Structure formats: structure tokens, C-alpha cells
Amino acid sequence: MSTTGSAEFRTPSPGNNHHALPSHPMTSPPPLDTAAAAREEFQRQFGTSPIGVVFAPGRVNLIGEHTDYNDGFVLPMAIEDGMAAAYRPNGNRVLRIHAREFGETCEVSLEDPTRAIEEFAGWFRYGVGIARTMAAAGHRLAGTDIALASTLPSDAGLSSSAAVELSIARVLAVTGGEPWDPRRAAQIAQQAEHEFIGVACGIMDQMAVACAQAGRALLLDCRSLSTEDVPVPGNAGIVIVYSDVARTLAASAYNDRRAACERAVAAIRQFEPSVRALRDVDAELLDRARTKMDAVAFRRASHVIAENARPAQLASALTKGDLGTAGRLMNDSHASLRDLYEVSSRELDLLVTLALGQPGCHGARLTGAGFGGCIVALVDLTAVAPFSDAIADRYRAATGLQPRVIVSRPAEGVRLL
Ligand code: GLA
């Protein structure tokens with residue numbers, strides 16, 4: 001069972017864990033390299049060649065944090081790092097998945113949908129979960145062999161779980177001869193995560209991984225699932241810094257945040273029964289209901305209501321190429337997540353402070369659920385290399401931890417290569 005808000009496809013240690021990866025600024029290897037690794041792994045494990053490869057990216061959220069499960073707005077983008085799945089139908093009623101990062105192959109019969117999910121290895125539950133959820137939604141499934149290779153650090157908050165879910169879903173749609181509907185696939189992946197991984201996540205990660213376009217961030221309305229592609233200016237560097245603190249022991253904190261939002265909604269409904277979620281509430285209405293809720297619920301709701309306006313504001317700033325305004329919005333978001341939503345950490349606050357002290361940095365904030373994981377910074381493209389060096393050096397010197405810096409252009413969502 002995953003331990004964070006957004007479940008992560010976990011890499012056991014020792015082995016290929018992120019500590020072994022270079023902490024130096026890096027641009028991601030192109031998907032083709034990851035695809036080649038998946039192909040080779042497939043050949044080695046299954047003794048034949050795959051018929052195709054799917055690539056599913058990770059994601060970083062630019063703004064709109066903890067708004068998705070409040071029916072609100074988010075602005076994530078897919079990144080160049082991700083997961084490749086090489087595949088081939090096997091002619092049996094069996095799903096077999098090999099994960100290069102785990103050095104392990106697991107299999108499940110497609111004829112036996114009742115075997116308890118706890119009986120499967122942690123990483124394989126994503127495969128079993130997505131297959132069972134697709135079957136329950138009426139998809140035909142064909143027996144398939146899959147080899148996975150990933151460049152996403154696990155537990156870093158870059159949605160390795162959504163990447164594994166959607167890469168497998170995409171493969172199973174091909175081998176089952178089913179049409180591909182990215183929105184529907186995102187909903188199925190979210191449902192699989194709720195039912196089989198036990199994480200009550202929102203829809204942001206799965207939608208970003210399923211629907212993002214290259215060069216664009218995805219402005220998503222989490223109630224209607226309508227989307228708008230937002231151009232990210234060519235002179236904007238998106239720099240992600242992993243704090244080297246995994247988001248462990250955070251599931252209960254994530255669920256606590258959700259519960260506080262629900263308490264706030266229940267209090268507000270005494271005044272406005274038409275309110276369904278914090279998405280429907282403005283600051284004035286929240287204030288009227290203040291005495292009906294506990295102080296924690298009020299703080300959490302205050303964050304959500306202010307944060308919910310930021311995705312559209314950031315989208316507009318990016319569209320105009322106004323990096324100054326974009327950066328300020330990110331800084332406001334971080335302060336709100338730290339002070340009102342209380343999901344930051346010493347390390348994430350330090351990374352944000354270090355980022356803002358570097359030339360060319362317009363703004364920075366924690367990204368994802370919080371409680372560890374990554375920050376994202378908006379940096380002049382020309383300043384990205386010195387920025388990345390400086391932040392990594394200073395963070396390492398201050399904490400002894402090994403940050404990982406990922407520089408990424410907005411990438412395309414899950415795709416057949
Ligand atoms: C995790 C969840 C998302 C979202 C973010 C916080 O990533 O998986 O659904 O709630 O946290 O914005």
C-alpha cells in the first residue's frame with residue numbers, strides 16, 4: 001500500500017533507487033532511450049521481441065495544489081521523465097509484468113478477479129488494479145506480457161503511480177483491441193488507485209499523464225474534466241528539485257486534509273445547501289460560516305479557496321509571457337501551503353528559499369501533495385544551468401542530502417512510440 005497522497009510506484013532499495021542517480025542538473029533522457037531499455041528487458045525476460053512500446057510521462061504540478069479533490073482547478077504539465085512499457089500479447093489469459101527497476105516478474109490470471117490484492121507484490125498491485133478496473137468497466141482484456149523501464153524517481157511526488165497505471169492501461173487497450181479515450185482512462189486509473197492501492201487521490205495526476213500536450217501545461221477543471229492547453233513560454237525554464245526526502249508516512253496526513261475540507265463544506269452547507277465542494281465557496285461565504293467550523297478546517301478551506309483562483313491566473317500570466325506575475329503566484333501558493341494547509345517541510349522551505357535567492361528565478365513552490373518530495377521553480381532559461389548547480393550545492397551543504405534536479409519542457413501525455 002502506498003503511503004502518500006499520490007501513490008508512488010515504489011522502488012525497493014537497495015537497487016535502482018534515486019540516491020544512486022546523479023544529483024547534477026540533468027535533462028531527461030529521451031523516451032526512446034527508456035523505450036530501448038524496456039525493449040531489451042522484454043527480450044531478456046520473455047525470450048522474444050515486443051510488438052510495441054508505450055511511454056507514459058510523470059507530471060509536475062505548476063499550481064493548484066490540494067484543489068483537485070475539492071472539485072477545483074489545477075495546472076500540471078507532463079515531464080520528459082517517465083515509464084516505458086514494451087508489450088506483446090501472450091495468447092494466454094494471463095497478465096505478466098516484468099519491472100526492470102525491481103528485477104522481478106509477476107503474473108495474474110485474467111480469469112481469477114477475486115484473488116486478494118494483498119497477495120500481490122506492492123508494485124504489481126498497480127497492474128492488477130488497472131486490469132481489474134478496466135475489466136469491470138467492460139473492457140476486453142487479452143493476455144499480455146509487459147516489460148517496464150522507468151526514469152522516474154519513486155516517492156518523489158512526480159506521479160510514477162499514474163505513469164505505471166496509464167502505461168499498462170494503454171497497452172491493455174491495444175492488445176484488447178479497445179479504443180483509447182484518455183479522459184476515461186484517467187478516471188479508470190484514479191478508481192484503480194482508490195480501490196486497489198487505497199489512496200483517495202484526486203484526478204489531477206492521471207489526467208495530466210493521460211491528456212497533456214507537448215509544450216503546454218494543462219489547465220484542468222476537476223469537476224467537469226474540461227481542459228485547456230496553456231503554452232509555456234520558450235524562455236521559461238521549469239526546474240524540479242527533489243528534496244531527497246521521500247513522502248513516506250503521509251497517507252494519513254493527506255486523508256486528514258481531505259477530512260478537514262469536508263468538515264468545512266458541511267459547516268458551509270448550513271448557510272448554503274447548494275454548495276457541493278469548496279470549489280463553490282468564496283472567501284465571504286467561508287467567513288460567514290467561520291464560527292460553525294473548527295480552526296483547522298477554516299485554515300484548510302482558506303487555502304483551497306485562494307489556491308483555486310491561481311491556476312487560471314498562472315495560465316493567463318504564462319500565455320502573456322509574464323514570468324514576474326507567474327513567479328509571484330507560485331510564491332503565494334507556497335506560503336499558503338506552508339502556513340494554511342501545513343503540508344510543507346523544513347527541506348521544502350529551504351529549497352524554496354535557496355531557489356528564490358538565485359539570479360533568474362521568478363518563483364518557487366512545493367509541488368504535489370507535500371510532506372517531502374519536490375519543489376518546482378520558474379527560472380529564466382538562460383539561468384537554468386547556474387541555478388541548478390547552485391541550488392544543488394547549497395542544499396547538499398546545508399542538509400547532507402542528495403537533491404536531484406530535473407529540467408523539463410512540458411511533454412506529451414501517454415503515447416504509443
Ligand atoms: C497528490 C494527489 C493529487 C493531488 C495532489 C495535491 O499528488 O495524487 O490528486 O491531490 O496530491 O495537489
Side-chain angles (χ1 to χ4, degrees), residues 1-26 58-62 65-66 76 79 81 101 122-123 150-163 199 201 205 238-257 330-331 333-339 341-358 361 364-377 387-408:
M1 154 105 91
S2 166
T3 50
T4 62
S6 150
E8 292 297 321
F9 184 63
R10 299 170 65 100
T11 310
S13 54
N16 177 17
N17 79 23
H18 47 262
H19 298 278
L21 293 167
S23 58
H24 194 74
M26 50 183 288
R59 72 91 187 90
V60 65
N61 189 19
L62 298 180
E65 216 67 83
H66 291 279
I79 61 174
D81 276 275
E101 276 63 39
W123 69 266
S150 170
T151 60
L152 283 173
S154 55
D155 284 327
L158 298 175
S159 287
S160 52
S161 67
V199 175
C201 62
D205 305 345
I238 305 296
V239 185
I240 301 156
V241 188
Y242 175 49
S243 62
D244 192 26
V245 180
R247 303 170 318 141
T248 47
L249 303 176
S252 61
Y254 186 86
N255 291 338
D256 283 354
R257 298 304 182 281
M330 291 171 74
N331 296 341
S333 171
H334 184 76
S336 180
L337 288 159
R338 182 192 58 210
D339 301 337
Y341 221 66
E342 298 175 278
V343 292
S344 192
S345 65
R346 207 169 51 85
E347 292 81 9
L348 294 173
D349 289 344
L350 173 63
L351 279 173
V352 165
T353 305
L354 292 173
L356 295 179
Q358 301 310 310
C361 179
R365 57 183 288 280
L366 73 83
T367 182
F371 322 106
C374 297
I375 67 152
V376 58
F387 172 93
S388 305
D389 280 337
I391 195 166
D393 287 349
R394 288 176 194 196
Y395 183 73
R396 207 178 291 119
T399 61
L401 295 166
Q402 295 297 326
R404 179 178 172 195
V405 181
I406 297 174
V407 181
S408 182

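Bear in mind that the values here come from a model prediction, so they are computed numbers and not experimental data. Reckoned from all heavy atoms, side chains included, excluding hydrogens, waters and symmetry mates.
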Next item on the list: Taking all heavy atoms of M330 and all of V376, pick out the closest pair and write down the distance.
Entry: CE-O, 3.6 Å
Check: Rounded to the nearest 0.5 Å, how far does CG of D244 lie from CG of L351?
Finding: 10.0 Å
Notebook entry, point to check: So how far is it from Q358 CD to S388 OG, rounded to the nearest 0.5 Å?
Noted result: 9.5 Å
Notebook entry, point to check: At their closest point, which heavy atom of A369 faces which heavy atom of H66, and how far apart are they?
Noted result: O-NE2, 2.8 Å
Check: Y395 side chain to S243 main-chain N or O, any donor-acceptor pair under 3.5 Å?
Finding: yes
Note to self: Apply side-chain contact (heavy atoms from CB on, under 4.5 Å) to residues V352 and L356 and explain how you reach the verdict.
What the structure shows: CA-CA 6 Å; V352 165; L356 295 179; 4.0 Å; yes
Notebook entry, point to check: For A377 and C361, which heavy atoms make the closest approach, and how far apart are they?
Noted result: CB-SG, 4.3 Å
Note to self: Please find the pair of heavy atoms, one from E65 and one from L366, that lie closest to each other, and give the distance.
What the structure shows: OE1-O, 4.0 Å
Item checked: side-chain contact (heavy atoms from CB on, under 4.5 Å) between L348 and V343, intermediate numbers included -> CA-CA 10 Å; L348 294 173; V343 292; over 6 Å; no
Item checked: Non-hydrogen side-chain atoms of I79 and L152 separated by less than 4.5 Å -> yes
Note to self: Quick check for you: to the nearest 0.5 Å, what is the distance between L350 atom CG and S345 atom OG?
What the structure shows: 9.0 Å
Next item on the list: Please assess L158 against C374 for the test side-chain contact (heavy atoms from CB on, under 4.5 Å), listing each intermediate value before the final yes or no.
Entry: CA-CA 8 Å; L158 298 175; C374 297; 4.1 Å; yes
Item checked: Value rounded to 0.5 Å, distance of CZ in F371 from CD in E342 -> 10.0 Å
Next item on the list: Using a strict 4.0 Å threshold on nitrogen-to-oxygen distance, state whether D349 and R346 make a salt bridge.
Entry: no
Next item on the list: Work out which heavy atom in H334 is nearest to a heavy atom in A364; give both atom names and the distance.
Entry: CB-O, 3.8 Å
Item checked: R365 to L62 - nearest heavy-atom pair and separation -> NH1-O, 3.1 Å
Next item on the list: Go through the side-chain N and O atoms of N61 and T367 and say whether any donor and acceptor fall under 3.5 Å apart.
Entry: no
Check: When rounded to the nearest 0.5 angstrom, what is the spacing between OG in S160 and CG in D81?
Finding: 11.0 Å
Notebook entry, point to check: What distance do L401 atom CG and Y242 atom OH have between them, rounded to the nearest 0.5 Å?
Noted result: 9.5 Å
